[in-house]
Amino acid sequence: MAEITPLELGKKLKSGEKDKLYYIYGADIAAVEAATKAVLKKYLGKNWEFEITRLDGKNLDAGNLSDISEMNTLFAEFNVILINDLNAEELKQDSFDMLWKTLNELPEQTVLVVNITGFDVKKGQKYFAGKNKKIADYFAKNGTVCCCARKSAYELAKIISAKVQKNGCTISSSAAEMLASYCLMDTMQIENEISKLCSYRENQEIRKEDIELLVPGQLETDSFKFSDAVLSKNTKTSFIILNELLTKYDNPGIILSAVSMAFLDLYRAKSALSSGKHSSNVINDFQYGKRSFVVDKAIGKCRKVSAENIRTCMTVLRNADRKLKRTSDKEVINTEMEKMLTELLIAVKNN
């Protein structure tokens, strides 16, 4: 059976269709945890937390798993085992062989759920590899594999709107997308920020101004916005964002570091495209892991500018960093940062 989405998994469970094997993974950790909970509740009911057997995949004792899988439960119909963060590649061969034997001899009353929340099981690649591939393929053939991919800002905006309404408030689509972007598409952070914003507005509309006031725009998010404005040759917006950065972060070195990383992401993406490679190559070669969405954004942005001009921008940033390390005068710092931005804009306009 092919991989399914959390939505498809929900439909399967609602229809009463059950499997003995579930493998749940993906970049959206909150969705992985929600899907796992849905499976466990389907088999064990509302008291599932007291009925499941939890095992740590990082320190898996395959022999112990085999013994537990053969147990009969006293109060539940199913013997449900949850293994978190199983990395089959790290198992010694005898342990892997025991795990494989257990999977193939799983008793009728036993349900095995594997979920991945602590590492990128595909290591930035499009497909599983090695022992993890063998495990995932077995689950797909004999059970269910659910991929909880990171959602786009547009998709998250719909979810945000629904959650906000449930809390008695309203939010426009553009504001919802803004919130998703501020949270770097992290559904766990989005949940926390929705709660905070709804408490602040109390049954009123959540506006963009509220998000700017209450949601801490992460430095990585701000650096994305800054580089995007520069690449779009939007002088006014670029200077507005620069001023916001200088006001929000009282350390020009940190700002330059984050912006330089954003341009480095662009350069890596541009080089990959020029060489006929894909985003998965960049993600794997530079170990982006859970930050893989950064590469996807960079792939889209880098088409606006040449590799040579990106290199020029990185040189401008490096020179600015050297100058700023020689002074602590705030007025000088602000002047140098404005000069840096002017040089960046000239570089991209010469594209």
Side-chain angles (χ1 to χ4, degrees), residues 5-15 24 26-42 44-50 115 117 146 148-226 228-229 234 236-237 240-250 290-291 293-294 296-297:
T5 65
L7 181 61
E8 291 168 331
L9 174 62
K11 289 179 179 178
K12 278 187 65 173
L13 295 173
K14 192 173 182 179
S15 71
I24 307 170
D28 191 338
I29 304 304
V32 171
E33 293 178 342
T36 302
K37 182 178 177 180
V39 171
L40 299 177
K41 285 183 71 175
K42 185 65 178 180
L44 300 174
K46 62 181 181 180
N47 294 321
W48 62 271
E49 290 185 276
F50 303 103
N115 74 347
T117 59
C146 178
C148 303
R150 192 182 295 276
K151 298 177 180 64
S152 67
Y154 176 75
E155 292 171 321
L156 285 171
K158 293 182 178 180
I159 297 172
I160 290 169
S161 296
K163 289 183 180 293
V164 165
Q165 287 179 15
K166 192 174 181 180
N167 281 277
C169 295
T170 59
I171 187 170
S172 68
S173 296
S174 59
E177 288 191 33
M178 177 182 177
L179 175 58
S181 179
Y182 265 47
C183 295
L184 296 177
M185 317 304 170
D186 185 327
T187 50
M188 297 184 76
Q189 186 185 348
I190 288 170
E191 289 275 0
N192 294 332
E193 299 302 339
I194 286 175
S195 178
K196 182 168 64 178
L197 288 162
C198 288
S199 296
Y200 177 72
R201 293 308 299 172
E202 292 186 349
N203 301 320
Q204 298 178 46
E205 180 184 2
I206 294 172
R207 303 164 302 178
K208 290 182 179 181
E209 293 86 345
D210 302 322
I211 296 171
E212 290 176 345
L213 176 66
L214 297 176
V215 179
Q218 298 180 23
L219 183 53
E220 188 173 30
T221 306
D222 292 336
S223 65
F224 284 156
K225 287 166 29 181
F226 179 76
D228 192 36
N234 191 326
K236 182 178 179 181
T237 301
I240 289 173
I241 296 174
L242 176 61
N243 288 330
E244 289 176 352
L245 285 167
L246 290 169
T247 301
K248 192 181 296 184
Y249 308 102
D250 194 29
K290 292 179 181 178
R291 295 178 64 252
F293 67 96
V294 171
D296 294 330
K297 282 192 171 187

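Worth saying up front: this structure is predicted, and the values here are computed from it rather than measured.
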To the nearest 0.5 angstrom, please state how far the CG atom of Leu156 sits from the OG atom of Ser161.
-> 10.5 Å
d(Asn47 CG, Lys41 NZ) to nearest 0.5 Å is 10.5 Å
Residues that Lys151 engages under side-chain hydrogen bond (donor to acceptor under 3.5 Å, both in side chains), provided they are two or more places apart = Asp28
Could you grab the distance from atom CG of Asn192 to atom OG1 of Thr187, nearest 0.5 Å is fine?
-> 10.0 Å
If you measure from CG on Leu9 to SG on Cys148, what distance do you get to the nearest 0.5 Å?
-> 8.0 Å
Does the distance from a Lys or Arg side-chain N to an Asp or Glu carboxylate O, for Arg207 and Asp210, drop under 4.0 Å?
-> yes
With sequence neighbours left out, write down each residue that passes side-chain contact (heavy atoms from CB on, under 4.5 Å) with Ala38, or none if nothing qualifies.
-> Leu13
Please name the pair of heavy atoms, one in Ile241 and one in Ala229, separated by the smallest distance, quoted to 0.1 Å.
-> CD1-CB, 4.0 Å
Point-to-point distance, once rounded to the nearest 0.5 Å, from CD1 of Ile24 to OG1 of Thr117 = 11.0 Å
If you measure from the Lys or Arg side-chain nitrogens to the Asp or Glu carboxylate oxygens, is any gap between Glu193 and Lys196 under 4.0 Å?
-> yes
Can you sort out the partners of Ser173 under side-chain hydrogen bond (donor to acceptor under 3.5 Å, both in side chains), two or more places apart, ordered by chain and number?
-> none
Those residues at least two apart in sequence (or on a different chain) that pass side-chain contact (heavy atoms from CB on, under 4.5 Å) with Thr247 are none
How far apart are the closest heavy atoms of Ile211 and Ala175, and which atoms are they?
-> CD1-O, 3.2 Å
Gap separating the SG atom of Cys169 from the CD1 atom of Ile206, nearest 0.5 angstrom = 5.0 Å
Residues in side-chain hydrogen bond (donor to acceptor under 3.5 Å, both in side chains) contact with Ser195, at least two apart in sequence or another chain | none
Contacts of type side-chain hydrogen bond (donor to acceptor under 3.5 Å, both in side chains), residue Gln204, not counting sequence neighbours = Arg201
Residues in side-chain contact (heavy atoms from CB on, under 4.5 Å) contact with Lys163, at least two apart in sequence or another chain | Ile159, Glu191, Ile194
What closest approach, in Å, do Ser15 and Lys12 show between heavy atoms, and which atom pair accounts for it?
-> OG-O, 2.7 Å
Taking side-chain contact (heavy atoms from CB on, under 4.5 Å) as the test, write out the residues that go with Lys14, two or more places apart.
-> none
Between Trp48 and Lys37, is any pair of side-chain heavy atoms under 4.5 Å apart?
-> yes
